[in-house]
Amino acid sequence: MTVLANAALIGGLIEACREVIAANADHLSELDRAIGDGDHGTNMRRGLEAVYADRSRLVQLPLPKALEETGLTLVMSVGGAAGPLYGTLLIEIGRRLVGANGEIDLARALEHAIDAVARRGRAGPGDKTLLDVLYPVHAEVVRRAGLAGISQQAERAASLTFGMRAMRGRAAFLGDRSVGHVDPGAKSCALLTAAICRFLEEQCPA
Amino acid sequence: MTVLANAALIGGLIEACREVIAANADHLSELDRAIGDGDHGTNMRRGLEAVYADRSRLVQLPLPKALEETGLTLVMSVGGAAGPLYGTLLIEIGRRLVGANGEIDLARALEHAIDAVARRGRAGPGDKTLLDVLYPVHAEVVRRAGLAGISQQAERAASLTFGMRAMRGRAAFLGDRSVGHVDPGAKSCALLTAAICRFLEEQCPA
Amino acid sequence: MKKFMNRAETLVAESLAGFVAAHERLVAFGADRKFIRRRSLRPGKVALISGGGAGHEPMHVGFVGKGMLDAACTGHVFTSPTPDQIIAAIRETDGGEGCLLIVKNYDGDVMNFEMAAELAGAEHRIATVIVRDDVNPGGSKRSQGRRGVAGTLVVEKLLGAAAEAGWRLDELSALGEDLNGRIRTVGVSLRGVTVPDTERETFVLHENEMEMGVGIHGEPGRARVKFATADEIVETMLEAILSDLAPDQSDKLLLFINGFGGTPVSELYLAYNCARARLARLGVTVARSLVGTYVTSLDMAGLSVTVARLEERELSLWDAPADTAALRW
Amino acid sequence: MKKFMNRAETLVAESLAGFVAAHERLVAFGADRKFIRRRSLRPGKVALISGGGAGHEPMHVGFVGKGMLDAACTGHVFTSPTPDQIIAAIRETDGGEGCLLIVKNYDGDVMNFEMAAELAGAEHRIATVIVRDDVNPGGSKRSQGRRGVAGTLVVEKLLGAAAEAGWRLDELSALGEDLNGRIRTVGVSLRGVTVPDTERETFVLHENEMEMGVGIHGEPGRARVKFATADEIVETMLEAILSDLAPDQSDKLLLFINGFGGTPVSELYLAYNCARARLARLGVTVARSLVGTYVTSLDMAGLSVTVARLEERELSLWDAPADTAALRW
Ligand SMILES: Nc1ncnc2c1ncn2[C@@H]1O[C@H](COP(=O)(O)OP(=O)(O)O)[C@@H](O)[C@H]1O
Ligand SMILES: Nc1ncnc2c1ncn2[C@@H]1O[C@H](COP(=O)(O)OP(=O)(O)O)[C@@H](O)[C@H]1O
Ligand SMILES: [Mg+2]
Ligand SMILES: [Mg+2]
Ligand SMILES: [Mg+2]
Ligand SMILES: [Mg+2]
């Protein structure tokens with residue numbers, strides 16, 4: 001990762017995330033229509049477009065600061081449930097990375113940020129939310145799995161929400177009728193994870 | 001006609017009219033749906049049911065008075081355009097019959113009443129209304145056509161409204177789009193005419 | 001089409017009963033429930049009576065109260081009330097100053113109110129204003145003239161305030177006639193309606209169609225045209241209105257966007273925004289505004305645009321207090 | 001589903017622009033059009049701020065004005081406003097007495113208002129009332145609790161009147177919390193809605209089906225059940241409410257029938273009539289009533305029934321004047 005210049009890294013990540021959301025926005029809204037209000041794709045696209053519009057400023061920043069600012073932009077543009085959650089995630093990763101001395105400890109920053117997301121959403125594992133992707137992703141990072149492994153686990157974790165009964169978010173109002181659908185937030189989280197892993201793999205092949 | 005007792009005549013006419021409307025109410029509303037507001041059958045049925053409910057009183061009255069009272073009942077129960085029109089028709093026939101000395105002159109009473117209907121509706125021949133049945137019926141009565149002939153003319157006249165452009169009533173708001181549909185009021189008028197003729201024929205075969 | 005009802009036959013009566021119960025401070029049933037009247041009538045003023053078929057709620061019952069109507073007669077759905085209802089309302093509300101009947105120009109309404117006026121005319125001074133505000137989009141001459149649609153609200157508000165201020169019967173009737181030349185409405189529908197009696201839609205539109213020039217009885221309009229953006233729709237509607245009203249830059253206009261029953265209020269405000277922008281570009285002044293669901297056609301999706309050219313005295317009448325279920329200020 | 005709009009992206013902004021233009025006497029845009037506020041703020045009172053996704057109009061913008069809210073923040077359709085909007089509203093309306101945020105209990109709304117409160121908390125005294133009035137028809141315990149639906153109107157009216165009367169921030173917040181235990185709502189839908197962004201219905205119902213227990217975001221309800229008569233529907237709804245509220249004969253109830261956007265006002269009054277009759281049979285007293293389309297879910301056909309148990313002081317707060325676009329007395 002260190003081989004990649006900071007600006008290219010940040011710009012590339014933004015580009016990759018924006019692309020995967022744009023390509024899957026309809027699908028995400030479709031998932032949200034089944035158990036929510038049908039706007040998750042639209043919300044995420046609006047957020048990623050806002051970040052993309054701001055990219056020339058963001059690529060100038062150090063990575064931690066860029067993450068924090070990206071989070072703030074998501075908070076101020078996505079709205080809905082996803083905005084504060086993805087926003088909190090990036091803001092807190094960024095803040096913790098800033099605090100880290102010397103080498104970046106992604107695993108600990110991620111743990112701290114995921115805790116913040118769970119507090120923000122008053123949610124936990126098995127509630128059928130994006131946390132059900134974040135927890136396994138963190139676990140893979142902790143056990144230093146390869147990028148491909150992380151990506152695969154994220155996809156698997158998203159699929160597993162299919163069988164869950166939603167306990168948070170709009171889907172929770174459906175009770176048992178939420179079972180049998182993939183959670184849109186979990187899906188977007190897996191897509192973003194995969195896109196990030198793919199980008200990093202392409203840039204710095206193992 | 002004179003062979004039939006008054007009460008039986010009035011009761012029979014009421015019964016015949018009520019029956020034909022009940023049997024055709026859906027069809028009349030259907031016609032009204034094409035160029036009006038779809039309630040002509042419902043309106044007429046409501047009126048005839050009100051008259052029917054009142055029949056024990058009506059059959060006690062002399063025919064002219066019974067016609068007038070029936071007209072008033074229709075006015076107070078049908079509503080819409082059809083109520084005042086059919087009401088005015090019967091009220092005025094009744095009033096004119098009352099005024100006639102000696103033999104009943106149906107042709108002149110009818111003429112007088114049809115004029116009143118035209119004034120009430122501010123309508124004339126060719127406007128695609130029930131008047132387009134009433135005028136030819138009157139003409140048949142004047143030339144002392146048989147009951148079957150009157151009935152046939154009424155049916156023919158109703159069919160002819162198919163090609164007319166409505167100038168009065170809700171259908172007029174459609175302009176040229178009213179062409180190509182039978183007028184519901186004309187149709188109910190033809191049906192009532194036929195039912196009355198049929199009843200009279202059955203009672204006093206020529 | 002599903003409706004909240006028990007039986008089609010009792011739908012109107014039940015709805016009116018709910019209306020009276022919900023607004024008992026303002027209104028009460030008249031004798032035999034034939035009409036709805038102000039709870040307390042004010043002596044010494046001309047009585048204003050309106051009415052029409054059900055299906056246009058909150059009009060007219062929602063306009064009964066101080067500053068607007070004294071009584072409203074409701075018929076079956078889309079069917080004018082019968083003369084006995086109107087006569088009963090005249091008897092109960094005429095305090096000696098006479099009655100003004102405000103009638104929408106639909107043949108059925110006109111004929112039933114006319115019969116009532118004839119039958120009650122011996123004992124009461126009665127005048128009638130026939131509201132004719134619809135724009136004739138085809139421009140062709142028709143014998144029965146313009147329909148009375150959403151502009152009826154404007155007429156009832158202005159005449160109601162004038163009656164409250166002590167205007168006499170002939171003065172009210174003259175103002176009513178005069179207003180007919182200065183109020184224009186055009187309606188557009190995105191979906192036909194289902195009359196509860198028949199349970200079938202009055203007309204069926206495709207996804208890319210709309211009916212332009214509709215009235216408020218589910219009848220099809222003057223033309224079925226391609227669905228368009230709100231800007232385009234409103235522009236077409238305003239064009240029809242303005243070519244008729246021909247306001248100049250010194251005129252004070254009332255702009256009224258009316259929902260037909262199935263249109264969300266957010267869309268009405270959006271249409272208002274389009275109309276307002278268009279009128280601003282034309283350099284004419286919107287002095288008063290009203291946006292809401294007031295004159296309906298059951299649950300029809302659609303709206304109408306009404307523009308009225310008002311003079312100073314009418315602006316004051318518009319601003320005068322109204323205390324009714326649907327309009328209050 | 002056809003909608004009066006130009007583009008999905010600008011629909012909310014255009015509608016709000018129309019709203020402000022139509023009600024310029026009452027309201028104005030806040031900085032950068034991030035929210036809508038009272039035209040003239042009254043110093044010396046706690047500022048009341050609410051908001052939520054668009055699609056619920058006239059709520060909340062229609063409740064901005066004397067006696068109710070000081071500001072309302074509107075998000076995209078069914079998407080909560082973002083913290084920057086809420087922060088801007090706090091900055092502009094806080095006159096030193098602090099701000100009360102009134103938030104419907106939806107995760108998105110709660111989280112966005114919470115982030116705003118955190119970010120603005122250093123410079124402003126802020127309290128939050130989370131409205132939770134929906135009845136849980138299944139009776140099962142869910143972690144996030146009841147949704148905030150039509151009862152929000154009641155909370156905003158009562159707290160608005162109290163703020164106007166000079167109540168302090170902690171008093172308002174305590175009343176808000178207390179009301180949560182005494183207001184219950186249940187909603188029923190006859191037709192799903194189409195979110196303008198997606199142009200597809202959120203759920204599709206057959207001619208003989210309805211969704212019981214719906215919220216106001218087009219989400220399906222707790223159960224899809226057979227369509228029934230208005231009496232039966234209202235009875236089911238009231239049962240759910242009353243088993244929760246358990247009013248006794250001495251209680252004074254507010255009965256509020258709310259249309260979801262596509263339901264004609266005549267059907268709302270009919271439902272009110274059913275509810276009123278049912279409550280009368282149960283021997284409980286309806287002291288106040290409201291019937292109308294106030295808290296909507298785009299053009300959803302359906303309605304909600306809200307019952308609130310009010311004490312004397314709250315009846316006075318309910319009766320206190322309100323001068324807003326949607327509620328005025
Ligand atoms: N309380 C919560 N905690 C964690 N995640 C949540 C919570 N509420 C919702 N989510 C996530 O957000 C997703 C929905 O996002 P989105 O559709 O954009 O927002 P909204 O529900 O406000 O329309 C859900 O699929 C779920 O993954
Ligand atoms: N002005 C009129 N003059 C004569 N007949 C009329 C007039 N208006 C309507 N009609 C007749 O009444 C019929 C419609 O009656 P109906 O549907 O019961 O009343 P409405 O139009 O009020 O719903 C029309 O088909 C036409 O024959
Ligand atoms: Mg969503
Ligand atoms: Mg008809
Ligand atoms: Mg009719
Ligand atoms: Mg949303």
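Proteins get letters first, then strands, A, B, ... in listed order; numbering begins at 1 in each.
When the candidates C/Arg191, C/Arg7, C/Arg25 are compared by the number of heavy-atom contacts under 4.5 Å with chain D, C/Arg191 comes out ahead. Contact count against chain D (heavy-atom pairs under 4.5 Å) is highest for C/Phe227 among C/Trp329, C/Phe227, C/Phe260. The candidate with the highest count of non-hydrogen atom pairs below 4.5 Å against chain D, out of C/Val291, C/Thr263, C/Asp231, is C/Asp231. Among the candidates C/Gly55, C/Ala13, C/Gly262, C/Ala271, the residue making the largest number of heavy-atom pairs closer than 4.5 Å to chain D is C/Gly262. In terms of non-hydrogen atom pairs under 4.5 Å with chain C, the most contact-rich of D/Ser289, D/Ala21, D/Ala54 is D/Ala21. In terms of heavy-atom pairs under 4.5 Å with chain C, the best-connected choice from D/Gly261, D/Ala230, D/Ala275, D/Ala326 is D/Ala230. Ranked by non-hydrogen atom pairs under 4.5 Å with chain C, the options D/Leu298, D/Leu303, D/Thr293, D/Asp323 are led by D/Leu303.
Looking at C/Ala17, the atoms closer than 4.5 Å to chain D (heavy atoms on both sides) sit in the backbone and in the side chain alike. Heavy-atom distances place both the backbone and the side chain of C/Phe19 under 4.5 Å from chain D. For a residue to count as touching a neighbouring chain, one of its non-hydrogen atoms must lie under 4.5 Å from one of that chain's; by this rule D/Ala22 touches chain C with backbone and side chain alike.
The aromatic ring centroids of D/His23 and C/Tyr269 lie less than 6.0 Å from each other.
Counting heavy atoms from C-beta on, the side chains of C/Met210 and D/Lys2 never come closer than 4.5 Å. At a threshold of 4.5 Å between non-hydrogen side-chain atoms, the residues D/Asn6 and C/Cys274 count as touching. Here the side chains of C/Leu268 and D/Ser15 are not in contact, with every heavy-atom distance at 4.5 Å or above.
Between D/Glu24 and C/Arg288 there is no salt bridge, since no side-chain nitrogen of the basic residue lies less than 4.0 Å from a carboxylate oxygen of the acidic one.
For the side-chain contact (heavy atoms from CB on, under 4.5 Å) with D/Pro264, the lone residue among C/Thr296, C/Val193, C/Asp299 that qualifies is C/Asp299.
Here the straight-line distance linking atom CZ of C/Phe4 with atom CG of D/Asn273 works out to 14.5 Å at 0.5 Å rounding. Rounding to the nearest 0.5 Å gives a distance of 9.5 Å between OG of D/Ser266 and CG of C/Leu16. Atom CD of D/Glu267 sits about 5.5 Å away from atom NZ of C/Lys3, to the nearest 0.5 Å.
Judged by distance alone, with hydrogens and angles left aside, the side-chain atoms of C/Arg328 form a donor-acceptor pair with the main-chain N or O of D/Arg328 at under 3.5 Å.
When every heavy atom of D/Leu270 is checked against every heavy atom of C/Met5, the shortest pair comes out as CD2-CA, 3.9 Å.
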